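Within every chain, numbering begins at 1; the chains are lettered A, B, ... in the order of the sequence lines, protein sequences first and strands thereafter. Keep in mind that what you see is a predicted model, and the values were worked out from it rather than measured.
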There are 2 protein chains.
Amino acid sequence: MTTLLEQRLTDHRIKPTAMRLLVLEYLLSRQSALGLSDIEKAMAPADRITIYRTLKTFEQNGLVHLIDDGTGVHKYALCDNCDPAEHHDTHVHFYCTVCKETYCLPDTKIPDIGLPAGFILSEMNLIVKGHCDKCRL
Amino acid sequence: MTTLLEQRLTDHRIKPTAMRLLVLEYLLSRQSALGLSDIEKAMAPADRITIYRTLKTFEQNGLVHLIDDGTGVHKYALCDNCDPAEHHDTHVHFYCTVCKETYCLPDTKIPDIGLPAGFILSEMNLIVKGHCDKCRL
DNA sequence: AAAATATTTGCAATGCAATTGCATTTTTAT
DNA sequence: ATAAAAATGCAATTGCATTGCAAATATTTT
Ligand SMILES: [Mn+2]
Ligand SMILES: [Mn+2]
Ligand SMILES: [Zn+2]
Ligand SMILES: [Zn+2]
């Protein structure tokens, strides 16, 4: 018998170890992007480095994507439907300056940009800061 | 008598010290955004921390803006015409993966984004990666 | 099942860049 | 000239990502 969690890992060619199942389960339970320290706290007393490598494996296999939200801390969020080979997470990310949470906005795509002549685009990262829907006045 | 460099500092309520004049002059001489280490090399053997604080002062007074280009190193570039009080550098930044230089694209503004209901925008940062005009194949 | 191999994990150590504390020097005001 | 304020230089700290390596665990081969 194989659970849904296990299935999700094996679909991305990741062997389902205990740690990996726990991390995946935790990511699924949260709706915002998480930093390594966040996950570390939830997994205590599991080793930080193991979680780090777990997330790296997830990222390399298209299960999570890495978000640079400008805080200096890498955030991780589950991919919607990325290939094990290639990511295609081209959505905007939102950082709430009140609750300090980082959200994926999967339906908000980064618009095309007209670059000066001679500039060739390969990737884009758009991060928006402000107040999230839960932090209104 | 007061030089143009001195004028530019005093216009932003910054007292023109030797170090500050040198850093400003160097920023003017380069067309890409610079990291602290870049400037440090050019100012050798001047102290790194003094340069750091010089740049911080510049930034606080609207003379330079700080760019987070995703490399993990802060980059500094002269502002076009910012108030001493408030920045309004809403342009796109471009990171060339070949020459590793970061460029301001002052004429390429970040387009408006439609956020989900309840999200209030306060700032945006768009960084585009690719090949710059000097690094074509 | 036992041995050999490959993978995963845990701990220690490293590296890198931003940032701060504090004493010293320099500048400005009295 | 003296006192106050600002700028500088050095040392130290912090906070993160990242790697080396040995121990533990899982997988494959005999
Ligand atoms: Mn996302
Ligand atoms: Mn710029
Ligand atoms: Zn919020
Ligand atoms: Zn280039």
Which ILVMFWY residues are connected to Leu121(A), directly or by a chain of links, through side-chain heavy atoms under 4.5 Å apart? Val92(A), Phe94(A), Tyr103(A), Leu105(A), Ile110(A), Ile113(A), Leu115(A), Phe119(A), Met124(A), Leu126(A), Val128(A), Val92(B), Phe94(B), Tyr103(B), Leu105(B), Ile110(B), Ile113(B), Leu115(B), Phe119(B), Leu121(B), Met124(B), Leu126(B), Val128(B)
Which residue, Asp68(A), Asp38(A), Asp69(A), forms the salt bridge (charged side-chain N to carboxylate O under 4.0 Å, His left out) with Lys75(A)? Asp69(A)
To the nearest angstrom, how far is Lys15(A) atom NZ from dT27(D) atom C1'? 7 Å
Is it the case that over 12 heavy atoms from other parts of the model lie below 6.0 angstrom from the CD atom of Glu86(B)? no
Separation of atom CG in Asp38(B) from atom P in dC16(C), rounded to whole Å: 15 Å
Side chains of Arg30(B) and Tyr26(B): any donor to acceptor distance under 3.5 Å? yes
Verify whether the ring centers belonging to His65(A) and His91(A) lie closer than 6.0 Å. yes
Once you round it to whole Å, what is the distance between C1' of dT8(D) and CE of Met43(B)? 16 Å
The correct set of residues in residues 17-29 of chain A placing a heavy atom under 4.0 Å from DNA chain C is Thr17(A), Met19(A), Arg20(A)
Send over the distance from Ile14(A) CD1 to dT27(D) P, rounded to a whole Å. 15 Å
Please list each protein N or O that sits under 3.5 Å from an N or O in nucleotides 14-24 of chain D, with the distance.
from: dA17(D); atom 1: OP1; to: His74(A); atom 2: N; distance (Å): 3.3
from: dT18(D); atom 1: OP2; to: Tyr52(A); atom 2: OH; distance (Å): 2.8
from: dT18(D); atom 1: O5'; to: Tyr52(A); atom 2: OH; distance (Å): 3.1
from: dG20(D); atom 1: O6; to: Arg53(A); atom 2: NH2; distance (Å): 3.3

Taking atom CG of Asp11(A) as the centre, does the number of heavy atoms from other residues, nucleotides or ligands within less than 6.0 Å exceed 12? yes
Using atom CD1 of Ile51(B) as one end and atom P of dC10(D) as the other, report the distance to the nearest whole Å. 12 Å
